[in-house]
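The block underneath contains the structure these notes are about, expressed in structure tokens.
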2 protein chains.
Amino acid sequence: MRRRSSTLTEHELEIMKIVWLHDTSTVRDVYEALLEKRKVAYTTVMTMMKVLEQKKYLKKSQAERAYVYRPAQPQRQVIGAMVRDFVNRVFNGSASPLLVHLVEEHDLSREDLEEIARLRRKP
Amino acid sequence: MRRRSSTLTEHELEIMKIVWLHDTSTVRDVYEALLEKRKVAYTTVMTMMKVLEQKKYLKKSQAERAYVYRPAQPQRQVIGAMVRDFVNRVFNGSASPLLVHLVEEHDLSREDLEEIARLRRKP
DNA sequence: CGTTTAGTACTAATTAATTAGTATGCGAAG
DNA sequence: CTTCGCATACTAATTAATTAGTACTAAACG
């Protein structure tokens, strides 16, 4: 069989990114934002948002016309869990080899690193 | 439909990690290494390695008894592609917010950062 | 030489992820 | 009041990922 992903899948994440930008979103809101990036059917977005609600990433509340959705978990926390999952899966839980990759292949300026180091120095 | 993953899936990665540790591996080698971590059938490993060969992550060559597999791409490169994919998907391609996550939640020592910064300073 | 063993090919089943159509209902507009 | 448009629920199809069984083959072993 196939285990359900413990983190957001690619298209779920795409939707959550849109939802996190606003306080509340309807299916139509998300649908229209998503259309700017790629072709998709309204009902597809609806189905995915229903799944996201079942997975506890979204909360649904009844308004007059359409359902109103809002994030059930802060972006920070969800993305953090994705990073942790990635580090576990790919680097057996140790973050520094990932750091090396980032520095060597992702055009991080020395300023970026100093900025980060400064953050780290005064907790 | 569902697009084929452009990077290694969870269990594919698990197998590749074992293969990268050695020059050559048979299905049995990988099967036995994998068994230490979790229950799995021999033929499951075989099927997955066949898939990995089709996806060009493994090269197969005929030996006397069993097929001998070796990595078709260096670990460095494959993991690098996974990091890039992750950064693109989760952080819209920018690495520094990922850095912030790592520093704030992944127990990176100041030494780690200084080590990295040193790498970065003298290219 | 016959039997046990290991390896492969083939087949197939299950579930998650993704996509979208159809039917139905309700409120708005005329 | 009737029609139109939007929203939802339900249904369903497709594909990838994952797992593993069965049958066949060749080699090793006695």
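To find a chain, count down the sequence lines: A is the first, B the second, and so on, and within it residues start at 1.
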Could you go step by step and tell me if A/Glu105 and B/Arg76 meet the salt bridge (Lys or Arg N to Asp or Glu O under 4.0 Å) rule?
CA-CA 11 Å; A/Glu105 300 180 34; B/Arg76 174 97 214 165; 3.3 Å; yes
B/Arg3 CZ: over 12 foreign heavy atoms closer than 6.0 Å:
no
Kindly state which residues belonging to residues 31-45 of chain B come within less than 4.0 angstrom of DNA chain C, counting heavy atoms of the residue only, listed by number.
B/Tyr42, B/Thr43
Considering residues at least two apart in sequence or located in another chain, which fulfil the ring-ring contact (aromatic ring centres under 6.0 Å, His included) criterion with A/Phe91?
A/His101
ring-ring contact (aromatic ring centres under 6.0 Å, His included) partners for A/Tyr31, two or more places apart
A/Tyr42
Between atom [atom1] in [X] and atom [atom2] in [N], what is the gap in whole Å?
X	N	atom1	atom2	result
A/Met49	C/dT18	CE	P	15 Å
B/Gln54	D/dT18	CD	P	14 Å
B/Met46	D/dA20	CE	P	14 Å
B/Ile15	D/dT19	CD1	C1'	11 Å
B/Asp29	C/dA6	CG	C1'	13 Å
B/Glu12	D/dT19	CD	C1'	14 Å
A/Glu10	C/dA16	CD	C1'	15 Å

Show the distances under 3.5 angstrom between N or O atoms of the protein and N or O atoms of nucleotides 12-15 of chain D.
residue	atom	partner	partner atom	Å
D/dT15	O3'	B/Arg2	O	3.4

Taking the side chain from [X] and the backbone from [Y], do they hold a donor-acceptor pair closer than 3.5 Å?
X	Y	result
B/Gln73	B/Lys56	yes
A/Asn88	A/Asp85	no
A/Glu12	A/Thr9	yes

If only side-chain N and O atoms of B/His11 are considered, is one of them under 4.0 Å from the OP1 or OP2 phosphate oxygen of D/dA17?
no
Does a nitrogen or oxygen in the side chain of A/Lys50 sit under 4.0 Å from OP1 or OP2 of C/dA17?
no
From C-beta outward on A/Met48, which listed nucleotide comes closest to its side chain: C/dT19, D/dA7, D/dA17?
C/dT19
Pairwise distance OG1(A/Thr7) to CE(A/Met82) - rounded to 0.5 angstrom:
4.5 Å
Gap between atom CZ of B/Arg70 and atom OG1 of B/Thr24 - 0.5 Å precision:
6.0 Å
Salt-bridge test for A/Glu14 and A/Arg38: reply yes if a basic N is under 4.0 Å from a carboxylate O, no otherwise.
yes
N/O to N/O distances under 3.5 Å, protein versus nucleotides 27-30 of chain C:
none

Taking for B/Tyr67 and for A/Thr9 the nucleotide of DNA chain C with the nearest heavy atom, the one nearer the 5' end belongs to B/Tyr67
Holding to side-chain contact (heavy atoms from CB on, under 4.5 Å), I want the full list of residues that pass it with B/Ala72, two or more places apart in sequence or in another chain.
B/Lys59
